[in-house]
Every structure is written in structure tokens, then in C-alpha cells.
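For reference, the structure is listed below as C-alpha cells.
Reminder, nothing fancy here: chain letters follow the sequence lines and each chain counts from 1.
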Amino acid sequence: MKYDFTSIEQKWQKIWDQKKVYSVDLNDTGKKLYCLVMFLYPSGDKLHIGHWYNFAPTDTWARFHRLKGYNVFEPIGYDAFGLPAENYAIKTGVHPQDSTRKNITDIRSQLKKMGAMYDFDYEVDTSDPEYYKWTQWIFLELYKKGLAYRTNAPVNWCPKDQTVLANEQVVDGLCERCSTPVVRKAMTQWFFKITAYADKLLEGLDSIDWPERTKLMQRNWIGRSEGVEIVFKVENVEDTIKVFTTRPDTLFGATYVVLAPEHPLVQKVTKPAFKAAVDEYVELVAHENEIERTSTSKEKTGVPTGAFAINPINGEKIPIWIADYVLSTYGTGAVMAVPAHDERDFEFAQKYKLPIRIVVNPTDGNLVEPLKAAYVEEGVAVNSGHFNGLESPKVWDGIADELQKNGDATRKVNYRIRDWLLSRQRYWGAPIPIVHCDSCGEVPVPDKDLPVLLPYDVEFKPTGESPLARNDAFVNVACPKCGKPAKRDVDTMDTFVDSSWYFLRYLTPHLGTAAFDDKLVSRWLPVDKYVGGAEHAVMHLLYARFVIKALHDAGWVNFDEPFTSLVHQGIITNQGAKMSKSRGNVVNPDQFVNGYGADTFRMFLMFMGPYNEGGDWSDRGITGIFRFLNKIYDLYSSEEVPPIAGEKTPPSPSDAERTAYRKINQLIKKVTEDLEQFRFNTAIAALMEFVNDFTQLSSENEIGPGLRSLVLNRFNVLLAPFAPHLSEELHELRGGEVPVFSSSRWPEYDASAITEENVTLVVQVNGKVRAKLTVPIDSTDEAVKSLASTEPNVQRHLEGKTILKTIVVQNRLLNFVIK
RNA sequence: GCCGGGGUGGCGGAACUGGUAGACGCGAAGGACUUAAAAUCCUUUGGCCCCAAACGGGCCGUGCGGGUUCAAGUCCCGCCCUCGGCACCA
């Protein structure tokens with residue numbers, strides 16, 4: 001018989017669907033497993049190889065657990081709001097709602113062909129009012145807790161997309177979506193106070209099973225640093241300048257102070273003679289874009305203000321400069337410059353001939369002037385008054401304490417992370433549920449009036465103003481508080497708000513009375529295994545953690561980390577470049593599904609290499625998997641194949657039967673261990689190796705039907721997570737109860753049977769292999785030694801030499817060290 | 001510049017805790033079946049060399065250069081390349 005994958009796959013997809021094999025009883029009290037992939041972005045592209053690479057192996061992992069007896073919940077849904085759909089609409093005139101709906105329909109049918117365990121009754125669509133009603137509710141919950149606020153602040157503006165962006169969406173000064181240089185603009189915008197959770201977000205990382213590099217990225221992004229805020233008086237002016245430093249131990253080495261050009265005191269302190277130059281410089285810097293401003297390779301520039309600050313530790317008068325290398329958005333927007341011990345200050349001081357004073361020497365010697373580079377390590381204090389001779393950590397605390405006592409300093413922790421800017425001047429998103437009233441100010445829309453519906457009929461061409469502002473019917477509304485005419489907020493939310501809680505909604509996608517069902521959420525969350533791309537390390541994955549922590553503190557959920565365990569699949573590139581529509585190098589999976597079947601294709605993706613490494617796409621080798629499945633099909637559909645029910649361990653097995661039994665048990669162990677760790681490639685190699693060994697064994701020797709049946713039964717279950725359609729078919733062919741995923745259990749291996757009877761032992765002379773011996777396992781050192789020395793090739797190399805020592809590693813190797 | 005991951009045959013990749021490098025698959029070559037092809041099956045396949053030949057033996061070989069060890073793809077030191085992240089965060 002021929003392996004007719006098309007009809008087999010169609011047949012089983014239909015049966016699974018009709019019998020509702022994968023619909024989960026969420027109230028089942030058995031062991032639950034929530035297995036989640038990052039949901040889909042239906043912007044106009046169909047499913048591509050990258051999606052398959054994310055979803056299919058994850059489905060294999062989920063199926064494996066289902067066979068192990070877990071109650072597995074594996075949902076899928078659509079992250080349907082967002083810029084790409086809107087940009088597509090602008091280009092083609094097709095309304096984003098229409099294009100998105102159509103896309104979801106197409107993608108759903110592609111997904112069904114994949115044959116994953118998705119239960120399409122639990123789909124989520126973030127652009128559906130029944131979903132975004134609750135996105136708005138979450139916004140309001142955060143608002144009520146003071147975690148959402150609106151303020152005027154310098155923000156990142158993308159001139160092409162005509163909207164503001166979050167810090168996380170600016171990559172190297174470019175818009176993450178369209179690579180346009182981002183400009184800084186002061187605008188009134190909505191923020192989530194993620195900075196309030198900086199420490200909790202850091203601490204939580206210690207308790208979750210995530211890739212270390214992802215945790216590291218989050219730690220770096222949060223950027224916690226402990227330091228001291230020091231007050232410098234300004235000569236002849238009332239105001240003081242606060243600087244943040246992590247090196248108060250170098251305070252005696254401060255030879256000037258630098259303000260960011262945007263610092264509010266710049267105008268106040270500048271001396272009249274310097275005003276013209278300062279104004280000109282401030283103007284110049286204001287026109288620099290984000291890349292120019294933050295580039296480390298750019299030479300630092302600055303101008304003096306003519307004013308002087310007083311160093312609180314020694315009363316010394318030092319000049320105040322303004323310079324572009326000081327950022328207004330970090331710390332206090334002002335720094336004390338210690339050129340001898342800070343690279344940036346050193347570079348600046350050299351250029352502008354500012355004094356460089358050594359105040360820390362290495363413990364093993366003195367620095368030599370003039371310095372060639374800043375010495376940034378710790379050491380021993382010099383030129384530092386009564387702190388001289390003390391080691392840096394002591395000086396650090398000593399100076400901090402002394403200043404603190406005099407009210408000149410406070411210990412402080414600063415973070416690199418900024419609040420999450422969530423408002424967007426775009427159409428295709430969830431409206432922000434706030435009304436602006438002249439008498440009452442910001443008024444949250446009452447829960448009973450949610451959702452604030454996104455009107456269909458809107459001119460969405462970008463003008464820099466929110467498209468919703470042009471829709472009078474949307475904008476004009478009675479104030480929910482006083483009833484007077486008021487206006488709705490016209491911005492929409494960043495789609496990362498939508499995606500930071502969708503995993504709660506999956507359990508009850510159509511629930512009308514709440515965002516989620518507490519009982520189900522407390523039973524099923526957190527997500528046990530989350531699989532998705534590493535590119536979300538500091539965006540989605542950080543935002544979702546924040547939202548969950550906020551909901552936790554507000555009493556809505558009983559856990560504070562959403563994803564217990566995280567896996568990143570690697571990226572599949574094409575000719576070395578990331579697949580994207582604009583590069584025109586996207587590979588469509590349909591041709592492979594049609595040509596070889598979903599089972600072959602998913603298995604090929606898993607066989608390519610380590611799951612978290614991805615790699616460059618090539619279909620070379622897909623025939624190997626296809627041949628393998630054909631071989632299995634032949635093995636199971638031949639005439640003499642014993643039925644499922646005939647399984648039996650023979651009372652006195654032949655050698656071949658013992659070997660076959662050992663190998664199937666070794667295979668169970670290997671595949672089980674590999675699957676647990678997402679090592680699909682080596683698991684598949686082991687399956688292949690087994691089939692090779694087993695066919696050879698049974699062609700040369702007699703393997704009785706009882707054992708043959710046993711082996712085929714176990715093997716077919718091992719195959720099921722990888723090639724589920726084929727496995728069902730083979731099971732049915734041999735009279736088994738189907739579906740496999742309802743009737744079968746993952747086999748346990750027989751520990752007493754996996755040990756080899758003989759081992760191959762390497763005999764070395766001076767570390768070079770000279771012979772190989774097959775000996776019974778656990779042979780004694782003496783037995784092995786005497787056997788080894790009878791090997792002719794070994795004797796030849798030992799002849800006339802003295803054996804200095806003999807190293808024996810049991811069951812592995814023997815090495816004669818000679819002279 | 002800093003922080004991570006990686007570099008193994010013609011290709012994708014395997015290798016436990018330092019113990020047979022190259023599992024498994026692709027490709028290639030030769031053979032069987034066939035009128036022929038496809039499919040399938042069998043054999044060979046890291047490089048170089050010795051031997052009339054062997055299913056005999058030798059040398060070299062995991063990015064480069066050193067080191068530790070009886071033994072190094074694996075550990076240590078110094079580099080090179082590559083991918084990803086961060087990049088004036090005081």
C-alpha cells in the first residue's frame with residue numbers, strides 16, 4: 001500500500017474535529033498543563049515557515065504531555081489590532097477591519113491543515129469589541145491604582161507612521177516597524193507606571209524558568225543602579241544642582257559639573273556673557289535626532305555657562321558646563337564630572353582642557369600623570385582629604401554618610417527603564433476609555449459603558465492627529481460625571497496592551513461579565529510553557545509581566561508571574577536574511593504541506609537542528625523525513641504485521657528478541673528525555689536509528705509476533721506527537737482503538753531491560769586507538785587488560801617498550817602508557 | 001566598546017560529567033531490480049599515505065596559536081570570525 005498522506009491527514013483532522021478529541025474540560029481537576037504559543041499577527045501575511053516552526057514543534061511537545069496523561073490546554077488566537085493592518089489599509093483603501101477578518105479566516109484554515117491540538121472554540125481576537133472591552137477595563141483598573149497617567153513629556157515620534165512610540169519600540173534610534181529615524185517631541189501622552197514595578201520585575205526573574213539571556217536582557221533593560229544624589233550649590237544663585245552618581249568615592253576628583261542642554265536651570269545659571277553661545281548650543285542640540293544624540297562614536301560637544309558650582313565635600317569652586325553627553329531623561333539630568341575616573345568625562349575634559357585630578361590609585365601602584373585613559377576601577381583614595389589611604393568601598397560609604405549628615409546628599413536608586421508610553425495617534429487599536437471634561441478634567445468611562453466602540457467609519461489617513469479626532473460622533477459625549485458636553489480621548493492603545501493579558505482571556509473568550517473567570521484563571525494560570533520569539537524579550541514579555549503584577553496587587557489574580565517556563569524558537573532565515581514581505585524572501589509552507597503532508601513537514605522542521613537555534617532555510621533533506629515516514633508506513637501495513645492486541649513478552653526470548661526489546665526500551669527513554677527538553681532533532685534521529693536497527697534485526701532473525709506487536713505498539717505511540725495523523729492511521733490499521741490521543745498512554749521504559757549486554761571497549765597505546773574489543777558489560781579491569789594485551793596490533797605497539805601505567809575506564813576504554 | 005550564543009565532513013547537524021570525533025539525515029559515487037526511468041534495496045563516502053590485495057596498517061583532522069592531562073570538540077590562557085542584544089544610563 002502507498003502512504004497517501006493527503007487522504008490520511010484529511011481523514012484524521014475530520015475525526016478529531018467531529019469527536020472533539022482536543023476539547024479540554026477546563027473543570028477537570030486532573031493535572032493541568034497550559035501550553036501557549038505567542039498568538040498571531042494577521043496583518044496581511046499568511047502563515048509562513050516561521051509560524052510553523054514556532055507552532056508545530058510546540059504542538060509535538062503538547063501532544064507528548066497529553067499522552068503522558070496531562071490535561072493539556074493549547075489555544076491559538078489573533079493579535080489583530082495594529083499598525084501593519086492600518087498601513088495596508090492606507091495603501092489599498094481596504095478597511096483594516098475587513099482585511100483583518102478575511103485574513104483570520106484564511107489563516108484559520110491554514111492552521112487547521114497543520115493538525116495541531118488547537119480548540120478553535122477558544123480563539124481570541126483582540127480587535128473584537130468583546131475582547132477590547134476588557135482591554136479597556138484593564139486600562140481603567142491600572143488608572144484607578146494610579147498606574148496610568150497622562151502627562152506632557154518628551155516622547156519618540158515616528159514621522160512616517162505619524163505616531164508616538166514606546167522606548168522599547170525604538171531600535172537604534174529608528175522606528176521598530178518602519179525604520180524611520182525617530183524624532184523627540186514634547187507631547188501629552190498616556191503612560192503606564194512600569195517604573196513603579198522595576199524592583200518587582202527584577203526580583204521575579206529569579207523565580208522563573210526562562211532562558212538566561214532573556215532574563216539578562218530584561219535586567220539590563222531595567223538597569224537598576226545604586227548611587228547617591230548629591231547637591232551642589234551654585235555660586236551667587238539660590239538654586240542648587242542635584243547630580244546622581246554611582247561613584248561618590250570619586251567626589252574629590254570632580255573638576256566640573258555638566259547639565260543636560262534641556263536642564264531647567266540652564267537659563268538661570270548662565271552668565272550674561274555666555275548667554276548667546278549657550279542659547280545657540282541648546283538650539284543646535286534640540287535639532288539633533290535620536291541617533292546623533294545617543295551615538296557613542298560621535299565626539300562630545302559642550303559649552304561653559306560661566307557659572308560655578310560648590311563641591312559640598314571640600315567647598316571647591318568648579319565650572320558648570322552644558323553638554324550633549326548628559327541625558328535629561330536619566331537621573332537628575334546633571335552629572336559631576338570626574339575625568340580621571342570616568343571615560344566620558346575624561347574624553348570631554350581632554351577636548352576642552354579641563355583639569356584632570358587623580359583621586360583613586362590602583363592597590364598595586366600609582367597612576368602616572370598625564371593619564372592616557374580614565375582609571376575606572378576601584379582602588380585606594382588619594383587627594384581626598386581625610387579619606388586618603390582608604391579603599392574605594394569605604395570611601396564610597398564614608399563620603400555618602402558625611403554628605404547625608406549635612407543634608408547634601410541622599411542615597412538613591414535609579415533605573416534605566418522608563419514608563420511605558422501606551423497612547424498611539426492611530427486608528428486601528430482599542431480606544432482609551434477616558435473622557436476629557438472642562439469642569440471635571442479626566443473622567444474614566446464607567447464600566448457599564450464599556451466598551452468604547454471603535455467606529456467603523458473613520459478617515460484613517462495619518463495626519464499626526466489621531467484619526468478618531470475627526471469623527472464628531474465619536475468625540476462628542478456627555479461627561480459621565482457632570483453630564484455637560486465633553487470630549488473623548490482620541491488616542492488608541494499600543495497593541496502590546498492587548499497582548500499583555502490575552503492568556504487570561506483564552507479560558508473564557510466569550511465571557512460577557514468579566515475580563516476573565518477567576519476560578520478558571522486560578523486553576524489554569526500561570527502558563528506552564530510559553531513558546532515564542534526572542535525578539536519580544538524586552539517588549540511583550542516585560543509588559544505582560546508588569547500587567548500581571550499590577551493585577552495581582554489589585555487582587556484580581558493570585559499569581560504574579562504569567563509564564564512559569566519560557567522557550568524561544570530560533571529564527572528561520574532565508575539566504576541569511578530574516579524572512580519578510582518587503583525582502584520578498586518569505587517561504588510559503590503550503591507547497592510542502594501539499595507535496596509531502598503536514599506530518600512530514602512538521603517533522604522536517606524539528607529535524608533541521610536544535611530548536612532554539614533556527615537556521616537558514618533549505619528544503620534539502622525533507623525527502624529524508626518523507627522516506628522515513630514511508631518506511632514506517634510499509635513496516636506497519638505489510639501483510640504479516642501482527643495486530644495491536646497480540647502484544648506479548650515471550651517467556652524465553654531469542655537473542656534477537658532480547659535485543660529488540662532492549663532497543664525499544666532504550667528508545668522510550670531517549671525520546672522521553674529529549675522531548676521534555678525540546679530536543680526534537682535528536683529524538684527523531686533516535687527514532688530513525690531504531691527503525692533501521694529493527695528492520696535489519698527482523699530481516700535476519702526471527703522475532704515472534706508477540707514481541708513484534710509490542711515493539712510496534714510502543715513505537716507508534718512514540719511517533720504520535722511527531723506525526724499524529726500517520727500514527728492514528730497505523731493504529732487503526734492494526735485494529736487499535738482510535739483516536740490514539742484518547743486511548744493510548746505514553747509508554748514507560750523497562751529499566752531492567754535497557755542495559756547493554758556487551759560493550760565495545762577502546763584499547764589505546766599512549767592515547768592512540770590501536771584496537772577495539774567487545775566484552776561483556778562490567779568486565780573486571782584485569783580481564784580486560786589481559787584480553788587487550790593479546791590483540792596483535794596492541795602487541796606490536798607494546799613490543800620492546802616499558803608500560804609505565806595502565807588506565808582503565810570501565811566499559812569505555814583502556815590506555816597503556818608506555819615509554 | 002560592553003554582555004551573551006556559536007564556529008565540527010560537500011551540506012544540515014550528533015557527541016554523557018574530559019574517554020571510539022563525525023550518530024541520524026541530505027547530497028554524491030558504484031551496484032541490484034527495470035526495455036528504460038522513477039521509486040525501492042545493497043555497498044562506499046573526513047583528508048592524506050603504505051601495501052599486489054585485504055573486511056590490514058600508519059599519519060593528520062572539531063576557527064587560529066599556546067597550555068593542563070595518560071587522554072581535549074569538551075578544561076585554562078591569548079587571538080580571529082560570525083550571529084544576537086545593549087550602547088554616553090553618570
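The distance from atom CD of A/Q218 to atom C1' of B/rC3 is 16 Å, rounded to the nearest whole Å. Atom OH in A/Y633 sits roughly 16 Å away from atom C1' in B/rA39 (whole-Å rounding). For the pair A/E613 CD and B/rU8 C1', the computed distance is 13 Å after rounding to whole Å. A/N612 has its CG atom 14 Å from the C1' atom of B/rC83, to the nearest Å. B/rA72 atom C1' lies 12 Å from atom CD of A/Q764, rounded to whole Å. Look at CE on A/M217: it is 16 Å from P on B/rC3, rounded to the nearest Å. Taking atom CG on A/D674 and atom C1' on B/rC16, their separation rounds to 12 Å, with Å as the unit. Rounding to whole angstrom units, CZ of residue A/R213 and P of B/rG85 are separated by 10 Å.
In this structure, B/rG78 is classed as anti because its glycosidic torsion departs from zero by more than 90°.
Aromatic rings from A/Y596 and A/F5 are positioned such that their centres are separated by 6.0 Å or more. In summary, the aromatic rings of A/W420 and A/F496 are positioned with their centroids too far apart to meet the 6.0 Å limit. Taking the six-membered ring for Trp and the full ring otherwise, the centers of A/F592 and A/F604 sit at least 6.0 Å from each other.
Between A/Y325 and B/rA90 there is no side-chain N or O to OP1 or OP2 distance below 4.0 Å. Checking the phosphate oxygens (OP1, OP2) of B/rG58, a side-chain nitrogen or oxygen of A/N793 falls inside 4.0 Å.
With no hydrogens or angles considered, a side-chain donor-acceptor pair links A/D616 and A/T573 at under 3.5 Å. Side-chain polar atoms of A/D324 and A/T301 form a donor-acceptor pair below 3.5 angstrom.
For A/K300 and A/F348, the positive end is not near the middle of the six-membered ring at less than 6.0 Å and at most 45° from its axis. With A/W396 as the aromatic partner, A/R247 does not meet the cation-pi criteria of under 6.0 angstrom to the ring centre and within 45 degrees of the ring axis.
Within 4.0 Å of A/V335, counting heavy atoms only, lies at least one base atom of the nucleic acid. If you check every strand for non-hydrogen atoms under 4.0 Å, A/S618 touches nothing.
Just one of A/Y611, A/F607, A/Y53 meets the ring-ring contact (aromatic ring centres under 6.0 Å, His included) condition when paired with A/F680; it is A/Y611.
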Query raised in the report: Is there a side chain to side chain contact (heavy atoms under 4.5 Å, CB included) between A/Y749 and A/T672 once you walk through the steps?
Result: CA-CA 9 Å; A/Y749 65 87; A/T672 306; 5.6 Å; no
Report summary line: Output field dot_bracket for RNA chain B (Watson-Crick or G-U, both distances under 3.5 Å, | for other-strand pairs) contains (((((((..(((......[....)))((((((.......))))))(((((.....)))))..(((((..]....))))))))))))....
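Applying the 3.5 Å distance criterion, the base of B/rC70 shares no donor-acceptor pair with the side chain of A/K805. A donor and an acceptor atom sit less than 3.5 Å apart, one in the side chain of A/R812 and one in the base of B/rC16.
Rounded to whole Å, the separation between the P atoms of B/rG7 and B/rG13 comes to 10 Å. Distance noted for atom P between B/rC86 and B/rU8: 27 Å (whole Å). Comparing B/rG4 with B/rG9, their C1' atoms sit 29 Å apart, to the nearest whole Å. Between the P atoms of B/rC60 and B/rG73, the separation comes to 13 Å (whole Å).
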Could you list all N or O pairs between the protein and nucleotides 59-62 of chain B that sit under 3.5 Å apart?
residue	atom	partner	partner atom	Å
B/rC59	OP1	A/R770	NH2	3.3
B/rC59	OP2	A/R770	NH1	3.2
B/rC60	OP2	A/K768	NZ	3.0

**Report entry** Per-nucleotide protein contact string for nucleotides 24-31 of chain B, where B marks a base within reach and S marks sugar-phosphate only (heavy atoms under 4.0 Å, - for neither)
**Finding:** BSBS----
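The neighbour count for A/Q696 CD, taken as heavy atoms of other residues, nucleotides or ligands under 6.0 Å away, does not exceed 12.
Closest approach to the A/R416 side chain among B/rA87, B/rG19, B/rG13 is made by B/rA87 (side chain taken as heavy atoms from C-beta onward).
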